[in-house]
Amino acid sequence: MPLRIAARKIPDAVILPVDAPAYTAASTEVMDTLRAQPGAVVQVLGWDEAFVGVETDDPEGYARAIQRAVLERTRLHCSVGIGDTLVRAKIATGFGKPQEVFRLTAENWFEVMGDRPVIDLWGVGSKVSKRLDALGIHSVAELASAPEQAMQAEFGPRMGLWYRELGRGGSSAVVDDTPWVPRGHSRETTYQVDLADRTEIEAAARVLLEQVLEDAENRPIVGLGLKVRYAPFTTKTFTKRVAPTTDRETVTAKAMELVAKIAPDRPVRLLGLRVELAMPDDARDGHTPTRGGW
DNA sequence: TCTGGGGTCCTAGGACCC
DNA sequence: TCTGGGGTCCTAGGACCC
């Protein structure tokens, strides 16, 4: 729900700004607790989520132990999903909420998920759900047995097969704990008052660039992206590949080339700036996980 | 109801090269 | 002079997730 609406509905609600450092600190404590569990391989998914890979004869017991340990150390509750694939574990977590444990494996996958709408799957959103509807595919079970050719024709060679696999519960069970190297960083701002003239827009872009360069921590920049939302809500992106550089002047000049593409005379409601970063050699090839790479 | 911010990955189409 | 196929790179847009 947009904050504006929430504030209107509950006039005396207390609305706090995001406190990223506090959330990161709490998150780190939780993740450290997970890593301290016997035999655990931990793949962090975000501030409040992680895969824990483990071999055990008693998954439920292990899950309960995790919940106790996290609660003891951080006073935070968590729910745990147990699965024989990453997708099943992730979806199982939803059934475990709040503060419970749920097991979802090949054994009960279709019993639990078969009749549910495809949008309940992790990775299927409203758009894909509608396109599947148009193909006559509504349930998870129907997706699982959808003809490969039809799926590929609609969604492309990779995604077509991937969605079908999703209907079957996914196939990967590998928890990967190699530290994540960000592909890029971005900052965007929705302005309280639309930006009108060129100087204003350029100044705003420079502010975003400063922030983004700080996040980039001197890693070489290989690409730039500018996102523009014109009033009322039309969004455009301009991107540019650049020869790897850490030089501020060069990056600024390239960014301004993108800014020059903004339509004159159109009020700008949002500006976003993104940098794409060079990947270190050891993270570039081989095991980098991809969306379609189950 | 009317619009948050920071990410990732995939696809299509065009340009260019061999 | 024109055609064809295959590969790579770039840009824009789309979709999804937390």
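In what follows, chains are A, B, ... by sequence order, proteins preceding strands, each numbered from 1.
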| request: Choose from dA12(C), dG5(B), dC2(B) the nucleotide whose nearest atom is closest to any side-chain atom of Arg8(A). | output: dC2(B)
| field | Straight-line distance of Leu224(A) CG to Thr250(A) OG1, nearest 0.5 Å | value | 10.5 Å
| request: Consider the side chain of Arg183(A), meaning its heavy atoms from C-beta on, and name the nucleotide among dT8(B), dT11(C), dG6(B) that approaches it most closely. | output: dT8(B)
| message | Cation-pi check for Trp109(A) against Arg88(A): NZ or CZ below 6.0 Å from the six-membered ring centre and within 45 degrees of the axis, yes or no? | response | yes
| request: Answer yes or no: does a side-chain N or O of Lys236(A) lie under 4.0 Å from OP1 or OP2 of dT11(C)? | output: no
| request: Could you let me know what dC18(C) is paired to, Watson-Crick or G-U wobble, both distances under 3.5 Å, or none if it's on its own? | output: dG5(B)
| query | Counting any heavy atom closer than 4.0 Å, what does Thr235(A) reach on the DNA or RNA strands: base, sugar-phosphate only, or nothing? | reply | nothing
| said: Applying a 4.0 Å non-hydrogen cut-off, can you work out what Leu121(A) is touching in the nucleic acid: base, sugar-phosphate, or nothing? | reply: sugar-phosphate
| said: Looking at dG6(B), I'd like to know if its phosphate oxygens (OP1 or OP2) sit under 4.0 Å from a side-chain N or O belonging to Trp47(A). | reply: no
| So, is Trp180(A) close to the dT8(B) phosphate, meaning a side-chain N or O under 4.0 Å from OP1 or OP2? | yes
| Regarding Arg64(A) and the six-membered ring of Tyr62(A), is the cationic atom NZ or CZ under 6.0 Å from the ring centre and inside 45° of its axis? | no
| Mind checking the C1' distance from dC2(B) to dC18(C)? Whole angstroms is fine. | 22 Å
| request: Please work out if Lys130(A) contacts a base, only the sugar-phosphate, or nothing of the nucleic acid, heavy-atom cut-off 4.0 Å. | output: nothing
| Does the pair Thr235(A) and Val228(A) meet the rule for a side chain to side chain contact (heavy atoms under 4.5 Å, CB included), with working shown? | CA-CA 6 Å; Thr235(A) 308; Val228(A) 187; over 6 Å; no
| Across the strands shown, which category fits Gly184(A) at heavy-atom distances under 4.0 angstrom: base, sugar-phosphate, nothing? | sugar-phosphate
| message | On the nucleotide dG13(C), are OP1 or OP2 found under 4.0 Å from the side-chain N or O atoms that Thr237(A) carries? | response | yes
| said: Between the base of dC2(B) and the ring of Phe233(A) - centre-to-centre under 5.5 Å, planes within under 30° - is that a stack? | reply: no
| field | Steps toward side-chain hydrogen bond (donor to acceptor under 3.5 Å, both in side chains) verdict (Thr199(A), Asp197(A)) | value | CA-CA 6 Å; Thr199(A) 11; Asp197(A) 65 89; 2.5 Å; yes
| message | Classify Lys227(A) by what it touches in the nucleic acid, base, sugar-phosphate, or nothing, heavy-atom distance under 4.0 Å. | response | nothing
| request: Respond yes when some side-chain nitrogen or oxygen of Arg158(A) is under 4.0 Å from OP1 or OP2 of dC9(B), and no when none is. | output: no
| said: Using OP1 and OP2 only, check whether a side-chain N or O of His185(A) sits under 4.0 Å from dG6(B). | reply: no
| Want to settle it: does Arg187(A) or Arg269(A) sit nearer the 5' end of DNA chain B, counting the closest nucleotide to each? | Arg269(A)
| Is the distance from OP1 or OP2 of dT11(C) to the nearest side-chain N or O of Arg241(A) less than 4.0 Å? | no
| For Pro182(A), which contact category applies under a 4.0 Å heavy-atom criterion: base, sugar-phosphate, or nothing? | sugar-phosphate
